[in-house]
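What you see below is based on every heavy atom in this structure, not just the backbone, and it leaves out hydrogens, waters and symmetry mates. In what follows, residues are counted from 1 in the order of the sequence shown. Note that the structure is a prediction, hence the values are computed from the model and not measured.
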Amino acid sequence: MNQPLRGADIVMRTLERAGHHTIFTLSGNHIMSLFDAAIGTSLDLVHTRQEAAAVHAADAWGRLTGKPGIAMVTGGPGHANAVAALMTAQGQESPLVLLSGHTETNQLGRGGFQELRQAEMAAPVAKASWMATSAETLGTDVAKAIRIATSGRPGPVHLSLPSDLLDAHVADNAAVWPEPGDFAATPVALNDAAADAVLGIIAAATRPLLIAGPALANPTGRALLARIESALRVPTCIMESPRGFNDATLGAFNELITQVDLIILLGKAFDFTLKFGEAPWIDPACRFISIDPEGALVERAARETGARFAFGCVADTRPAGETLIRRAAGRAVGSDAWLAEARGRFSDRPANWSTLASQTQGKLHAIEVFRALKPFVDTDPDTVLICDGGEFAQWGQSVLPVPARRMINGVGGSIGSSLPMAIAARVLEPKAPVFVVLGDGTFGFHMAEFETAARRGLPFVAVVGTDSRWNAEYNLQVRDYGRDRAVGCELTPARYDLVAVALGGHGELVTRAEDMAGAIERSLASGKPACVNVMIESIPSPVVRKSA
Ligand SMILES: Cc1ncc(C[n+]2csc(CCOP(=O)(O)OP(=O)(O)O)c2C)c(N)n1
Ligand SMILES: [Mg+2]
């Protein structure tokens, strides 16, 4: 039977035209027309157990592919749950589109069912946020959302879809379908003169460092940075952790940064992670360059650094990197000696780490967990690694290799997203292992997603460090108030492995270092979402200093 075209059909067919095939969702009254409209399209609905999980999965999709992930939730409370997760995507510069059902337009202001000022609620955590106002133009609304999410500095975009517009019948010739070019913005290049100026300033420096923002923390971004480093002979790194200079992945960064005399910010916001450029962390004579998609952020860097600001330019990060590489050809820009020294600091790890071991019967030291996991992460270059939480995850970030597809909590500093992210990673990656490393407190945020993963046949291995404590916060209490005033941060040694089993997954409980490898092997072989619940000592995150 030939069904009349509805607003909901326009939304779904537009997503299909844009090349999307997966939508992370949680159902509700306002969006059931969209579920119905998915029938007969190539769109697969992955039904999660909490709206924030749908957004976190879409976030991972955006980070891994560079194409926006799509999350679709119902209006009111569904939207409210989803909005919470947008901050993580915003901090990590991850492109995603949140489509939220919405009260009917003719009920607005009259106390409509689940009526909420949704666009206003999402605005602070989105690049753009609006409510559609006509059924005919829903396709161009969706295209615009996708375009904004991926242009300039990528990030989340919200679009509210009133249910009466989704249900409305639209005459075929009245629908305004987006053109293929409507889905993407034209990148803003760095012009040659600006690139030459940047390269000239770098050549005059002795110890320059290029710091990229989180948007480059994916396979194409990491490859670009490696090419920049080799063409310019200038060390590069990605600053994507809320711990800033203390990001365990960056080795003895705290010591490296004090020596740097020029920082080139390539799409990296000037913010708290850089200690606001202040001494003693950064040399007061250190100069700054900012190349950024947003004029406001170039201006902020200039304002914050004053006379130390050497150059600023608005350009998209990736084309800017390409221009720098092209213009550096045949020029001596950086220095091999400094590059080697900086690389050494990044890979510095204390010598005594090789012998660190647990002092407690029945519990592992965090490093023993990651020593055992390391060879599994090393095996396949397509491995996805997701690190989430406090102290335990920091040990993981300092001990484990950094595969091209590694995701961490991000500058937003929000824990709890990893299990939904693993679901998205597995939808994208059919074969290579997907590993999650997370604390026991963090496990609780989205543990119900084991059911989603089991239902959809999406295996991954989550290694949980159970120290029966929100340890990162406990350590703040000890540092700031004293050990005798530590309060309220204790958990129980709960059997998270049995939670996974109850929800259709595989579970392992580990209390001895020698049992780690077997537990991981059995988890991988199970073909199910697996939880390796490791009883660990409660220890602070690692501090890395320059090796002697
Ligand atoms: C959404 C969110 N809530 C709270 C915090 C604060 N926080 C950061 S780390 C942490 C403790 C994590 O505990 P756990 O997962 O057990 O890891 P551990 O530090 O014990 O290894 C908390 C509560 C946060 N960063 N994000
Ligand atoms: Mg813990």
Side-chain angles (χ1 to χ4, degrees), residues 8 11-12 14-16 18-28 30-32 34-35 37-38 41-75 77-90 92 94-101 122 125-126 142 145-146 149-150 154-161 384 386 388 405 407 410 414 416-430 434 436 445-460 503 529:
V11 171
M12 289 316 218
T14 301
L15 288 172
E16 205 179 23
H20 291 276
H21 50 80
T22 303
I23 299 178
F24 300 99
T25 188
L26 204 159
S27 57
H30 299 292
I31 55 169
M32 295 328 291
L34 289 166
F35 271 60
T41 70
S42 55
L43 293 161
D44 182 22
L45 305 176
V46 178
H47 208 150
T48 62
R49 306 300 304 263
Q50 216 270 17
E51 286 84 359
V55 173
H56 288 314
D59 175 352
W61 189 279
R63 294 194 207 182
L64 293 171
T65 65
K67 283 189 67 143
I70 308 293
M72 186 173 87
V73 304
T74 198
H79 175 74
N81 282 344
V83 165
L86 291 179
M87 187 177 172
T88 310
Q90 182 189 46
Q92 205 58 7
S94 172
L96 77 82
V97 173
L98 169 63
L99 301 172
S100 301
V125 279
V142 170
I146 291 173
T150 46
V157 173
H158 164 65
L159 173 61
S160 269
L161 302 169
V384 179
I386 309 167
D388 187 10
R405 296 194 289 181
M407 296 182 277
S414 158
S417 57
S418 54
L419 297 173
M421 288 182 145
I423 286 178
R426 178 53 78 211
V427 172
L428 284 164
E429 171 52 56
V434 173
V436 179
F445 281 72
H446 286 297
M447 60 185 166
E449 295 311 324
F450 268 93
E451 192 280 330
T452 308
R455 172 167 31 92
R456 293 298 308 256
L458 300 168
F460 56 80
L503 294 174

Enquirer: List for me each residue that meets side-chain contact (heavy atoms from CB on, under 4.5 Å) alongside F35, sequence neighbours excluded, and say none if there are none.
Expert: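 Expected list: T25, S27, I31, M32, L45, H47, M72.
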Enquirer: Going by the rule salt bridge (charged side-chain N to carboxylate O under 4.0 Å, His left out), which residues pair with E429 if we only count those two or more places apart in sequence or in a different chain?
Expert: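 Checked E429 against salt bridge (charged side-chain N to carboxylate O under 4.0 Å, His left out); matches are R405.
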Enquirer: Not counting sequence neighbours, which residues clear side-chain contact (heavy atoms from CB on, under 4.5 Å) with A126? List them please.
Expert: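 Partners of A126 by the side-chain contact (heavy atoms from CB on, under 4.5 Å) criterion, ordered by chain and then number, come out as S129.
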Enquirer: Tell me, please, which residues at least two apart from A453 pass side-chain contact (heavy atoms from CB on, under 4.5 Å).
Expert: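 Here the qualifying residues are I423, L458, F460, P529.
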Enquirer: Of all the heavy-atom pairs spanning T452 and T48, show the shortest one and how long it is.
Expert: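 Distance-wise, the nearest heavy atoms are OG1-CA, 3.8 Å.
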Enquirer: For S160, enumerate each residue passing the side chain to side chain donor-acceptor pair (under 3.5 Å) test, keeping only those at least two apart in sequence or located in another chain.
Expert: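 Side chain to side chain donor-acceptor pair (under 3.5 Å) check on S160 returns Q118, H158.
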Enquirer: Listed by chain and number, what are the side chain to side chain donor-acceptor pair (under 3.5 Å) partners of S417, not counting sequence neighbours?
Expert: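 For S417 there are no side chain to side chain donor-acceptor pair (under 3.5 Å) partners, ignoring immediate neighbours.
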Enquirer: Main chain of A52, side chain of N81: is a donor-acceptor contact present, judged purely on distance under 3.5 Å?
Expert: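 Such a contact is absent between N81 side chain and A52 backbone.
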Enquirer: Once side-chain hydrogen bond (donor to acceptor under 3.5 Å, both in side chains) is applied, what residue pairs with a partner in residues 52-61 remain, sequence neighbours excluded?
Expert: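 Sorted pair list: D59-R63, D59-S94.
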Enquirer: Could you tell me which residues satisfy side chain to side chain donor-acceptor pair (under 3.5 Å) with T65, sequence neighbours excluded, listed by chain and number?
Expert: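 Expected list: none.
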Enquirer: Restricting to side chain to side chain donor-acceptor pair (under 3.5 Å), what partner residues turn up for R49, sequence neighbours left out?
Expert: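 R49: side chain to side chain donor-acceptor pair (under 3.5 Å) contacts with E451.
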Enquirer: Check whether any side-chain N or O of E51 sits under 3.5 Å from a backbone N or O of A80 as a donor-acceptor pair, and report yes or no.
Expert: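 Absent.
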